[in-house]
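Step one of this worksheet: look at the structure below.
Quick caveat: nothing in here was measured; it's all calculated off a predicted structure.
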Amino acid sequence: NSFRAHSIQEAKDAFLKLKAADTCENALNSRLVDQVAYGGVGLGKPIPGKEDLKALTAEGISSFWQSNLVGATTVIGGVNVNHNDLVAQATSLFGDLPSTHRVNERQQSVYFGGELRVGTEAPTTSVSISFEGFSWGHSDI
C-alpha cells in the first residue's frame, strides 16, 4: 500500500474544502446528536478537523489500512464494467487481504444520552430528541 505525499495533501485539501462548505444545518445537527449521545466514541466520533488532518501521514494511513481493511468487511462493486475484468483488478489489488479482523476488534458504540445547546445567529432553531432503540437485527423489528 503506497500512499504518496502529494496524493495525501490533495485529499486533505479536498476534505477541508468540503468541510468549509458544510453549512447544512441538518447535517451539523445530526453529527452533534451522535457526538453527545455516544460520548465521542464509535458513532459519536467527531469528523476530523484541521488539526487532525495536519497529523495525517502516509504511514498513518498505511497502518490504518493494514489494521482495518479485511476481506470480511470489504465490498467491491462496478457499474458498466466487464465482470471478469473487475474480478481480475480486485484480485490484483486486494487479493492478499486477510479474511477476518486481526487483533483490534472494533469498539461497540454505547448510547448514554446527553444534552448540548449551541447558540447561533441563525433565524431558526433546531431541536433533536433521540433515544436508544432496537438494533436493525433485533427480532422485534
Closest non-hydrogen atom pair between Y111 and S130, with its separation: OH-O, 3.1 Å
N80 atom CG, neighbour heavy-atom count above 12 within 6.0 Å: no
Same cluster (ILVMFWY, side-chain, under 4.5 Å), L86 and F94: yes
Path from F112 to F131 over hydrophobic side-chain contacts below 4.5 Å: no
In one Ile/Leu/Val/Met/Phe/Trp/Tyr side-chain cluster, 4.5 Å: L32, V36: yes
Among the clusters formed by ILVMFWY side chains lying less than 4.5 Å apart, do V81 and L93 turn up in the same one? yes
Taking atom types as modelled and ignoring hydrogens, do the side chains of N29 and S128 form a donor-acceptor contact shorter than 3.5 angstrom? yes
According to salt bridge (charged side-chain N to carboxylate O under 4.0 Å, His left out), does anything in residues 116-132 pair up with another residue at least two apart or in another chain? List the pairs. E115-R117
What is the minimum heavy-atom distance between D140 and F134, and which atoms define it? OD2-CZ, 3.7 Å
Hey, could you give me the OG1/CD1 distance between T91 and I76, rounded to the nearest 0.5 Å? 8.0 Å
